[in-house]
Participant: 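After the structure tokens below, expect a handful of questions from me.
Just the heavy atoms: all of them, side chains too, but no hydrogens, waters or symmetry mates, feed the values below. Since the model is a prediction, treat every value here as computed from it, not as a measurement.
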Amino acid sequence: QVQFGESGGGSVQPGGSLRLSCAASGSIFSMYAMGWYRQAPGKQRELVASISSGGSTNYAGSVKGRFTISRDNAKNTVHLEMNSLKPEDTAVYYCNDFVHRGSWGQGTQVTVSS
């Protein structure tokens with residue numbers, strides 16, 4: 001019954017940056033590995049980045065070197081810093097429990113266009 005709320009999306013030009021935030025309600029998540037996912041129109045949801053309870057990170061090859069995932073367990077928040085954005089990054093971005101995956105939030109729209 002943990003709920004996730006995403007924010008920080010918007011419309012940017014290629015090469016721009018955005019910082020996404022995810023806040024959890026209903027429980028603390030200091031013990032959970034967390035992930036950021038995205039879903040582009042007509043495509044399935046895919047994992048973008050994950051971070052363990054101890055802070056170890058992993059990234060999809062398409063975003064490695066451009067995106068950075070971080071967490072603040074004391075605030076029950078997870079962030080995704082996105083740099084050098086490309087049109088291919090356009091999608092709705094979601095956060096969730098990486099291992100168990102609870103209820104999905106509404107996500108936040110990221111649009112990258114010239």
Participant: Between H79 and S21, is any side-chain donor less than 3.5 angstrom from a side-chain acceptor?
Facilitator: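 A pair is found: one side chain offers a donor N or O, the other an acceptor, under 3.5 Å apart.
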
Participant: List the steps, then state whether side-chain contact (heavy atoms from CB on, under 4.5 Å) holds for Y94 with R38.
Facilitator: CA-CA 6 Å; Y94 305 86; R38 68 185 181 188; 6.0 Å; no

Participant: Stepwise, does the side-chain contact (heavy atoms from CB on, under 4.5 Å) test hold for M82 with T68?
Facilitator: CA-CA 7 Å; M82 306 185 296; T68 302; over 6 Å; no

Participant: Checking T108 side chain against G9 main chain: does a donor-acceptor pair fall under 3.5 Å?
Facilitator: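 Checked: pair present.
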
Participant: Evaluate the side-chain contact (heavy atoms from CB on, under 4.5 Å) criterion for residues R66 and K86: first the C-alpha distance (whole Å), next the side-chain angles of each, then the deciding distance (0.1 Å), finally the verdict.
Facilitator: CA-CA 10 Å; R66 300 187 297 120; K86 304 175 180 179; 3.9 Å; yes

Participant: Check L80 against A49 and note the closest heavy-atom contact, atom names and distance.
Facilitator: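 Nearest heavy atoms, L80 then A49: CD1-CB, 4.3 Å.
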
Participant: Minimum heavy-atom separation for V112 to T90, with atom names?
Facilitator: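 Where V112 meets T90 most closely, the heavy atoms are N-OG1, 2.9 Å.
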
Participant: For a quick test of reading the model, state the closest non-hydrogen atom pair linking S114 to P14 and the distance between them.
Facilitator: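 For S114 and P14, the tightest heavy-atom pair comes out as OG-CG, 3.6 Å.
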
Participant: Between the main-chain N or O of A23 and the side-chain N or O of N76, is there a donor-acceptor pair closer than 3.5 Å?
Facilitator: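 Flag not set: sc N76 to bb A23 has no pair under 3.5 Å.
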
Participant: Determine whether Q3 and S25 make a side-chain contact, defined as any pair of heavy atoms from C-beta on separated by less than 4.5 Å.
Facilitator: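 Yes, their side chains come closer than 4.5 Å.
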
Participant: Could you tell me how the ring of Y93 sits relative to the ring of F67: parallel (under 30°), tilted (30 to 60°) or perpendicular (over 60°)?
Facilitator: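 Aromatic pair Y93/F67 classed tilted.
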
Participant: Can you confirm whether more than 12 heavy atoms, excluding those of E46, are under 6.0 Å from its CD atom?
Facilitator: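 Check passes, neighbour count above 12.
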
Participant: Between V78 and C95, is any pair of side-chain heavy atoms under 4.5 Å apart?
Facilitator: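 Of all side-chain heavy-atom pairs linking C95 with V78, none is under 4.5 Å.
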
Participant: Has the side chain of R71 got a donor or acceptor atom that lies under 3.5 Å from a matching backbone atom of I51?
Facilitator: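 A pair under 3.5 Å: yes.
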
Participant: Regarding R45 and Y37, do their side chains bring together a donor and an acceptor under 3.5 Å, going by distance alone?
Facilitator: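 Y37 and R45 do not have a side-chain donor-acceptor pair below 3.5 Å.
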
Participant: If you look at every heavy atom in E6 and F4, which pair is closest and at what distance?
Facilitator: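 Shortest heavy-atom contact: OE1-O, 3.9 Å.
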
Participant: Is there a path of hydrophobic side-chain contacts, each under 4.5 Å between heavy atoms of I, L, V, M, F, W or Y residues, that connects L18 with Y59?
Facilitator: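 Yes, one cluster joins them.
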
Participant: Is the closest side-chain heavy-atom distance between C22 and W36 below 4.5 Å?
Facilitator: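 They are in side-chain contact.
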
Participant: Checking side-chain polar atoms at under 3.5 Å, does D72 have a donor or acceptor matched by the opposite partner on T77?
Facilitator: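 Side chains of D72 and T77: no pair found under 3.5 Å.
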
Participant: Hydrophobic clustering (ILVMFWY, side-chain heavy atoms < 4.5 Å, transitive) - are V99 and V48 grouped together?
Facilitator: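 Unlinked, V48 and V99 end up in two clusters.
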
Participant: Just wondering, do S11 and S113 contact through their side chains at under 4.5 Å, heavy atoms?
Facilitator: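 They are not in side-chain contact.
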
Participant: What about L85 and L20, same hydrophobic cluster or not, with Ile/Leu/Val/Met/Phe/Trp/Tyr joined at side-chain heavy-atom distances under 4.5 Å?
Facilitator: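 Per the 4.5 Å side-chain linkage, L85 and L20 are co-clustered.
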
Participant: In terms of hydrophobic clusters joined by side-chain contacts under 4.5 Å, are L47 and V92 together?
Facilitator: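 Same cluster.
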
Participant: Flag yes if V63 and I69 sit in one hydrophobic cluster, no otherwise; membership is Ile, Leu, Val, Met, Phe, Trp, Tyr, and two members link when side-chain heavy atoms are under 4.5 Å apart.
Facilitator: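 Linked within one cluster.
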
